[in-house]
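I have placed the structure first, in the form of structure tokens, so that the comments after it can refer back to it.
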Amino acid sequence: MACLERCRCCADSRRHGSILYSILRSEERAASPAGQGQGPGPRRGQASRGCPCGSRRRVALRSPQVACKAASAVLVKTLRFVQNVPCFQELPLDEQLLLVRSCWAPLLVLGLAQDRVHFETVESAEPSMLQRILTTRRQGEQPPPRGPAPGRPHHGGGGGGPHLPSAGEIQAIKGFLAKCWSLDISTKEYAYLKGTVLFNPDLPGLQCTQYIEGLQREAQQALNEHVRLIHRGDEARFAKLNVVLSLLRSINANVIAELFFRPIIGAVNMDDMLLEMLCAKL
């Protein structure tokens, strides 16, 4: 194309480059010593509470400065890739933004896989729901919600504290990365996969549905032809690559934002940041 596992046991700134500058310069901020502020590890006997496999535990990045910087660089490269797709540029701006808002997270995770970005997490000392209720009642407040209501995506921004991802959600991301690395996906294959993800004709609100559907079809056809040419002895490779696409559905955009972007730029509104970066010359 020219234009291209969950548990088994149960910003207000609008200046171009302002948010982007914060991302790319985050390593210059004063970083706390490694491990500082992290809660103690789980005590013996606590693992029996809740999910036996521990996938519901809340976790945070072990080295946020390193991992967040790498993820930010991948986000910039991802949007640069999107901007350089001529067929994408032919779409109206509101259509472009709608596509990017819906697929930035899976595209980012594909970029993490392509750049072989590794990251580690540690269990967080996030207070339990009981602790949160008791604390807020002492203050005469309502207990804060633990996360966005079902069906209402949260992109950061606004009030409230961080909603740390669970160990199970992180395992889904790491499982996806491991799957990509086991397939040794080439640069062209990554490009065709990204094209398939980017041009999603099933999004509500799109006006150029048929055109976008055709672009997605072209990306899939180009991937199939490339696989048949380069991997003639592996007839199942095209199906394996499509399994990779299906695994992307388990990746939550809110988890990606909380994990990789909140630690360095706070409660950022991802829609605002994506619009700013999309309109900037990356």
Side-chain angles (χ1 to χ4, degrees), residues 1 3-4 11-24 68 70-115 117 148 152-157 173 176 190-220 244-245 248-262 264-265 267-282:
M1 174 183 177
C3 295
L4 176 292
D12 297 329
S13 174
R14 294 291 181 178
R15 292 175 300 168
H16 287 324
S18 59
I19 298 178
L20 180 58
Y21 179 87
S22 300
I23 296 176
L24 298 179
C68 293
S72 298
V74 170
L75 180 61
V76 171
K77 291 170 63 176
T78 297
L79 292 181
R80 184 181 296 127
F81 165 84
V82 170
Q83 289 176 329
N84 288 333
V85 177
C87 299
F88 179 82
Q89 292 297 326
E90 294 177 3
L91 292 168
L93 181 59
D94 56 343
E95 301 275 283
Q96 296 180 23
L97 185 56
L98 185 56
L99 290 174
V100 171
R101 280 174 172 170
S102 69
C103 72
W104 73 267
L107 288 179
L108 177 68
V109 179
L110 276 171
L112 295 176
Q114 184 173 7
D115 287 1
V117 175
R152 297 181 62 184
H154 169 74
H155 298 290
I173 299 174
F176 174 83
Y190 272 117
Y192 297 141
L193 289 173
K194 291 175 183 178
T196 301
V197 172
L198 174 62
F199 297 115
N200 180 8
D202 299 325
L203 296 177
L206 286 176
Q207 300 298 320
C208 308
T209 306
Q210 292 184 345
Y211 178 67
I212 293 172
E213 184 177 10
L215 295 176
Q216 186 184 66
R217 190 184 307 114
E218 287 183 22
Q220 279 281 284
V244 167
L245 291 177
L248 281 173
R249 300 191 187 101
S250 66
I251 306 300
N252 190 313
N254 302 328
V255 173
I256 301 299
E258 294 294 336
L259 184 66
F260 292 116
F261 298 105
R262 183 185 283 270
I264 57 173
I265 52 180
V268 64
N269 185 301
M270 291 303 298
D271 285 350
D272 289 346
M273 186 172 75
L274 291 170
L275 175 60
E276 180 176 337
M277 297 178 70
L278 191 63
C279 294
K281 294 182 179 180
L282 302 178

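Quick note: residue numbers are just sequence positions, from 1.
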Quick one: side chain to side chain contact (heavy atoms under 4.5 Å, CB included) partners of Glu213, sequence neighbours excluded?
Pro201, Arg217
Which residues satisfy the side chain to side chain contact (heavy atoms under 4.5 Å, CB included) test with Gln114, sequence neighbours excluded?
Thr187, Tyr190, Lys194
Pairwise distance [atom1]([X]) to [atom2]([Y]) - rounded to 0.5 angstrom:
X	Y	atom1	atom2	result
Ser102	Leu198	OG	CG	8.0 Å
Phe199	Leu206	CZ	CG	11.5 Å
Ile212	Phe88	CD1	CZ	9.0 Å
Leu274	Cys103	CG	SG	9.0 Å

Just so I know, are the side chains of [X] and [Y] near enough to count as touching, which here means a heavy-atom distance under 4.5 Å?
X	Y	value
Leu110	Phe176	yes
Leu245	Leu248	yes
Leu215	Glu90	no
Phe260	Ser72	no
Val100	Leu107	no

Is there a donor-acceptor pair closer than 3.5 Å between any side-chain N or O of [X] and the backbone N or O of [Y]?
X	Y	answer
Glu95	Gln207	yes
Asp115	Val117	no
Gln83	Leu278	yes

Asp94: partners by side chain to side chain donor-acceptor pair (under 3.5 Å), with sequence neighbours left out:
none
